[in-house]
There are 2 protein chains.
Amino acid sequence: MDLKIVASEDKPPKTSTLKRNNERPRQILNAAIELFCELGFEAARLEDIADRAGVSKATIYLYFESKEDLFFALIRENVVPMVDETISQMESFEGPASDFLRFKAHTLGHTLAYTNQGAILKLVVAESRRFPEIADYFRTEVPERGIENLAKLIQRGIDDGEFRPCDAKTAAALFMFPLLMNGIWMNSLGPDTVIDPGLLIEMHCENFIRGLTL
Amino acid sequence: MDLKIVASEDKPPKTSTLKRNNERPRQILNAAIELFCELGFEAARLEDIADRAGVSKATIYLYFESKEDLFFALIRENVVPMVDETISQMESFEGPASDFLRFKAHTLGHTLAYTNQGAILKLVVAESRRFPEIADYFRTEVPERGIENLAKLIQRGIDDGEFRPCDAKTAAALFMFPLLMNGIWMNSLGPDTVIDPGLLIEMHCENFIRGLTL
DNA sequence: AGGATATGACTGACCAGTCAGTATAGTCAG
DNA sequence: CTGACTATACTGACTGGTCAGTCATATCCT
């Protein structure tokens, strides 16, 4: 792509505060996310990540132990906080369970389909067999906590007579799976002419609630 | 440089040659499937594939042009025939649409969850951005044909008054997505203690039909 | 001065793909 | 039947390129 002329015409835009050290990890991580999502873990080259972050490859090693550590940080810094937020939303929610499901289907559904959150999911799923410790961390922090909390909400719906009795955990997973698959789809094979993600989310939402309602 | 045209076919009518040559491509392909599914395309080494197939690496190149060709052959030889079969089942089916959905949910659901078909899906999804031609081939041969035909069946259900009116293609995708995600899940993060794949398939099946029924 | 931040240049391992050569079996002239 | 020839199947050893990770050196900021 761009070969660097050795010296000459060095940085004219002299950044006064070179104490950007605080931002460096974030810059590098963002570049890593983009490239991991585009190419997969193996095929993403550290040198390209460095280029995109505007640093040299060696600088990455000032802030991260290894390529794998970068992958781990991605989950720790980006995915887990999002789950935390969802869970606290869920805990403070008081209306009918179906209202929350509608809200969540639309927000999460669109986030997964139209941002690289879907690509991150695809990435984790693709690499999980090769990085068991990362997969373990992800599994316990994301799906297990997420499903558990969503199951609580659905169980409340069942107890309140809003939903018919069923296994709440399975129902929670069943609520999530089309949204997750939609996100993976849109970040791999899609977008295509066959599936309209917005329509699918909408239909899933109504069909799921309809099927679950007494 | 390469004048290894393999064709030149004028079969002697009676050659009782014990050539195992016929089996070689299948042996190699099976080994490739296993390793691609375990490790992903990049991380799977051709030498390991060769070892598992009981041949040398150079032998692979007698039957396949490149590593990527091996990936392509995997889809052509394994995935597409399965879709063909499903479609012909669907076309010859005559009972209520919901019966076929139940049948398909269970057979396909279990195949994806408990065989490496789910891992193959995971693989295709993971690598599709890096191999656009393979992704195009897969998309047109598998999801597009599959969804189109399933949509026909669902449309018939709508026309017959079995289901309530809705967009049949979206409904078809919505029927498939939990089964696909379940297959990917079981071949990446799962199996785990949170999700029971069999229960999920069963519940999806009933909930989906219930939601769609008038 | 001296610690913190950064990098260009390098290395060592790895791996897809190649090639010259071996092995085995079929063909056929004598 | 035999030995020379040929076609097919296969492989060990190599190459050229790639890339994660290292390190000696340089620059900046108290």
Side-chain angles (χ1 to χ4, degrees), chain A residues 1-28 31-32 35-36 39-73 127 130-131, chain B residues 1-28 31-32 35-36 39-73 127 130-131:
Chain A
M1 313 301 165
D2 52 358
L3 24 144
K4 296 189 166 173
I5 309 303
V6 182
S8 68
E9 61 122 357
D10 242 4
K11 342 227 169 193
K14 190 71 160 67
T15 45
S16 55
T17 61
L18 207 100
K19 193 67 177 174
R20 289 174 306 173
N21 168 264
N22 308 327
E23 302 172 21
R24 278 277 182 272
R26 196 68 247 174
Q27 290 168 343
I28 294 167
L35 281 162
F36 283 162
L39 304 171
F41 180 82
E42 259 333 289
R45 291 166 56 234
L46 240 19
E47 220 140 13
D48 291 340
I49 292 172
D51 279 357
R52 194 169 293 202
V55 299
S56 77
K57 186 172 61 160
T59 298
I60 294 176
Y61 284 87
L62 294 178
Y63 300 100
F64 299 93
E65 275 185 11
S66 64
K67 196 182 181 186
E68 186 175 342
D69 186 39
L70 215 41
F71 185 19
F72 191 81
E127 306 295 346
R130 251 166 47 81
F131 300 103
Chain B
M1 304 309 170
D2 58 345
L3 37 142
K4 50 185 175 192
I5 307 300
V6 190
S8 73
E9 282 311 300
D10 50 343
K11 290 272 186 180
K14 192 191 59 68
T15 47
S16 61
T17 54
L18 254 288
K19 297 293 189 222
R20 292 168 305 165
N21 167 264
N22 308 327
E23 301 171 20
R24 278 277 181 270
R26 196 67 246 176
Q27 290 168 343
I28 293 167
L35 281 163
F36 283 161
L39 302 171
F41 180 82
E42 276 305 312
R45 291 166 57 232
L46 240 20
E47 220 140 14
D48 291 340
I49 292 172
D51 278 357
R52 194 169 294 203
V55 299
S56 77
K57 187 170 61 162
T59 299
I60 294 176
Y61 286 88
L62 295 177
Y63 299 101
F64 299 94
E65 274 184 12
S66 63
K67 197 182 181 186
E68 186 175 341
D69 186 39
L70 216 39
F71 184 20
F72 191 80
E127 306 295 345
R130 252 165 48 80
F131 300 102

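Residue numbering restarts at 1 for every chain, and letters A, B, ... go by the order of the sequence lines. Atoms considered below: every heavy atom in the structure, side chains included; atoms not considered: hydrogens, waters and symmetry mates. Keep in mind the model is a prediction, meaning the values are calculated, not measured.
Within the model, atoms CD1 of B:Ile28 and CD of B:Glu23 stand 11.5 Å from one another, a figure rounded to the nearest 0.5 Å.
When the P atom of D:dC10 is taken as reference, atom CG of B:Asp51 falls 15 Å away, rounded to whole Å. The interatomic distance linking A:Leu39 (CG) with D:dC19 (P) rounds to 11 Å, in whole Å. Between A:Leu70 atom CG and D:dC19 atom C1' there is a gap of 15 Å when expressed in whole angstrom units. A:Asp48 has its CG atom 12 Å from the C1' atom of D:dT18, to the nearest Å. In this structure, CD1 of B:Ile60 is placed 16 Å from C1' of C:dC19, rounded to the nearest angstrom. In this entry the distance linking CG of A:Asn22 with P of C:dA6 reads 10 Å, nearest Å. Whole-Å rounding puts the A:Phe64 CZ to C:dA6 P distance at 12 Å. Atom pair A:Glu23:CD and C:dA4:P shows a separation of 20 Å (rounding to whole Å applied).
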Next item on the list: Decide side-chain contact (heavy atoms from CB on, under 4.5 Å) for B:Leu70 and B:Leu46; before the verdict, give the C-alpha distance in whole Å, the side-chain angles of both, and the deciding distance to 0.1 Å.
Entry: CA-CA 10 Å; B:Leu70 216 39; B:Leu46 240 20; 4.0 Å; yes
Next item on the list: Start with the C-alpha distance between A:Tyr63 and A:Arg26, add both sets of side-chain angles, then the distance that settles side-chain contact (heavy atoms from CB on, under 4.5 Å), and finish with yes or no.
Entry: CA-CA 10 Å; A:Tyr63 300 100; A:Arg26 196 68 247 174; over 6 Å; no
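Between B:Thr59 and D:dC10 there is no side-chain N or O to OP1 or OP2 distance below 4.0 Å.
In this pair, A:Phe41 and A:Phe71 present their aromatic rings tilted. The plane angle is within the 30 to 60° band.
Looking only at side-chain heavy atoms (C-beta outward), A:Lys67 and A:Phe36 come within less than 4.5 Å of each other.
Across every non-hydrogen atom of B:Ser56 and B:Ala50, the tightest pair is C-CB, 3.6 Å.
Residues satisfying the side-chain contact (heavy atoms from CB on, under 4.5 Å) test with A:Glu65, not counting sequence neighbours, are A:Asp69.
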Item checked: Intra- and inter-strand pairs of DNA chain D in dot-bracket (Watson-Crick or G-U wobble, both distances under 3.5 Å; | for another strand) -> ||||||||||||||||||||||||||||||
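Checked against a 6.0 Å centroid threshold, the rings of A:Phe131 and A:Phe72 do not count as neighbours.
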Check: Which letters describe nucleotides 20-25 of chain D, given B = protein heavy atom under 4.0 Å from base, S = only from sugar-phosphate, - = neither?
Finding: BBBB--
